[in-house]
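Structure record follows, encoded as structure tokens.
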Amino acid sequence: MHPKNNSFFLFVIFFLFSFSVQAEEFRAKVVAVSDGDTITVLDSSNRQVKIRLAEIDTPESSQPYGNRAKQQLSDLVFNKTVTVRTDTTDRYGRSIARIYVDDVDVNAMMVELGAAWVYRQYAKDQSLYSLEDKAKKAKVGLWNLPEAERIPPWEWRKVYRKNKSNNDKTLKVESQSDKTEANFSCGTKKYCTQMTSCEEAKFYLKQCGLGRLDRDGDGVPCESICR
């Protein structure tokens, strides 16, 4: 066999083997519903497996319609035996899968009910977009919410992470400020020339009420040292 053909043959074998390792189908009982797109199942060997429904994304619990989406998924699958067709595993260790109750495609049904968006970044099944369009036109589920409340979960999570990061930074700065201010106390000092640092001048202005340190009233004391 030609070396190039041999390499191609080995690549195909490797690809098929990798796919067969990742792809799996099994029957299991749904024992928990975490939110609108995450469940836990118990397989035939009594092993708990956390499943993230593939190709769809539902509102987070703190978003409008988040709790309703969870309830709709629960109505469809909780305490039922389902067929799980896994594709891969995400970074949280959850199996990414399509879920079926008899002949009902649960992932597609969640979109049809207006309880989920098609997850643009990961969607492969083009028919899901048609179901989403129909739900949107019929104003069912989340599509009946005011437009301002229909924020795709992936965008909401991005804003949440950004806000959380900013809040953490603010808390860190405030903590450092508190720690610095703890080193000072209101004493007999009255003039900028007596201040050992800008931080001490700010402490006397804010905590001790020594307004004379801020002669121009711009909130910055002792501008000779607080430049």
Side-chain angles (χ1 to χ4, degrees), residues 9-132 135 140-142 151-158 160-161 164-165:
F9 177 75
L10 291 174
F11 172 78
V12 171
I13 293 298
F14 174 77
F15 175 81
L16 292 175
F17 176 75
S18 299
F19 181 79
S20 65
V21 170
Q22 290 184 345
E24 181 185 6
E25 180 174 321
F26 61 94
R27 299 273 288 171
K29 184 177 181 179
V30 178
V31 294
V33 177
S34 302
D35 53 36
D37 52 39
T38 309
I39 62 175
T40 301
V41 301
L42 196 65
D43 66 11
S44 58
S45 61
N46 285 327
R47 176 180 61 116
Q48 284 196 358
V49 183
K50 200 154 193 177
I51 306 291
R52 171 64 165 83
L53 273 62
E55 304 187 63
I56 70 171
D57 202 6
T58 62
E60 298 294 330
S61 299
S62 53
Q63 282 189 265
Y65 212 82
N67 290 329
R68 178 59 181 149
K70 176 182 177 180
Q71 185 58 55
Q72 287 179 283
L73 179 60
S74 184
D75 291 342
L76 288 170
V77 303
F78 182 66
N79 212 28
K80 296 180 181 179
T81 298
V82 299
T83 300
V84 180
R85 295 178 184 172
T86 66
D87 179 32
T88 186
T89 303
D90 69 9
R91 58 178 174 168
Y92 304 108
R94 301 175 299 184
S95 294
I96 308 299
R98 295 292 283 256
I99 305 297
Y100 299 85
V101 176
D102 297 326
D103 295 328
V104 176
D105 181 338
V106 175
N107 302 47
M109 180 59 68
M110 288 293 286
V111 177
E112 188 173 351
L113 292 171
W117 274 265
V118 179
Y119 205 164
R120 268 62 177 167
Q121 186 176 352
Y122 301 105
K124 303 173 186 176
D125 184 353
Q126 296 301 306
S127 67
L128 293 175
Y129 290 100
S130 297
L131 294 175
E132 184 182 87
V140 298
L142 65 88
I151 303 173
W154 55 88
E155 292 183 7
W156 186 92
R157 289 191 293 269
K158 186 185 296 183
Y160 174 79
R161 285 193 293 267
K164 186 177 185 302
S165 176

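From a predicted model like this one, the values you see are computed outputs, not experimental measurements. By convention here, the first residue in the shown sequence is residue 1. What's counted below: heavy atoms across the whole structure, side chains too, no hydrogens, waters or symmetry copies.
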T40 side chain to V31 main-chain N or O, any donor-acceptor pair under 3.5 Å?
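Not confirmed, T40 side chain does not pair with V31 backbone.
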
Run the side-chain contact (heavy atoms from CB on, under 4.5 Å) check on V101 and L76 step by step: do they pass?
CA-CA 8 Å; V101 176; L76 288 170; 5.6 Å; no

Nearest 0.5 Å, please: how far is [atom2] in [Y] from [atom1] in [X]?
X   : Y    : atom1 : atom2 : answer
D57 : E155 : CG    : CD    : 10.5 Å
I96 : T88  : CD1   : OG1   : 7.0 Å
R47 : F26  : CZ    : CZ    : 6.0 Å
D90 : T38  : CG    : OG1   : 8.5 Å
T58 : L53  : OG1   : CG    : 8.5 Å
I39 : K80  : CD1   : NZ    : 12.0 Å

pair N107-I99: side-chain heavy atoms closer than 4.5 Å:
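Side-chain contact under 4.5 Å: yes.
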
Are S62 and W156 close enough that some pair of their side-chain heavy atoms sits under 4.5 Å apart?
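Of all side-chain heavy-atom pairs linking W156 with S62, at least one is under 4.5 Å.
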
By ring pair (Phe, Tyr, Trp, His ring centres under 6.0 Å) - contacts of Y119 (at least two apart)
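Ring pair (Phe, Tyr, Trp, His ring centres under 6.0 Å) list for Y119, sorted by chain: Y122, W154.
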
Please list, chain by chain and in numerical order, all residues satisfying salt bridge (charged side-chain N to carboxylate O under 4.0 Å, His left out) with R27, sequence neighbours excluded.
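With neighbours one apart ignored, the set is empty.
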
Sequence neighbours excluded, which residues qualify as salt bridge (charged side-chain N to carboxylate O under 4.0 Å, His left out) partners of D37?
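For D37, the residues satisfying salt bridge (charged side-chain N to carboxylate O under 4.0 Å, His left out) (neighbours in sequence not counted) are R52.
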
Considering the options N46, T81, N79, which one meets the side chain to side chain donor-acceptor pair (under 3.5 Å) requirement together with K29?
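Single side chain to side chain donor-acceptor pair (under 3.5 Å) partner of K29 among N46, T81, N79: N79.
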
Salt bridge (charged side-chain N to carboxylate O under 4.0 Å, His left out) partners of residues 95-113, not counting sequence neighbours, each pair once:
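Pairs touching residues 95-113 that pass the test: E55-R98, R98-D105, R98-D125.
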
Using the salt bridge (charged side-chain N to carboxylate O under 4.0 Å, His left out) rule, collect all pairs that involve residues 58-79, keeping only residues at least two apart or in two chains.
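Pairs touching residues 58-79 that pass the test: E60-R157.
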
F78/Q71 under side-chain contact (heavy atoms from CB on, under 4.5 Å): CA gap, chis, key distance, verdict
CA-CA 10 Å; F78 182 66; Q71 185 58 55; over 6 Å; no

Could you tell me whether E25 atom CD has more than 12 heavy atoms of other residues or ligands within 6.0 Å of it?
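Buried by this count: over 12 neighbours within 6.0 Å.
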
Please enumerate all residues that pass side chain to side chain contact (heavy atoms under 4.5 Å, CB included) together with S130, with sequence neighbours excluded.
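Once residues adjacent in sequence are excluded, S130 has no partner under the side chain to side chain contact (heavy atoms under 4.5 Å, CB included) criterion.
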
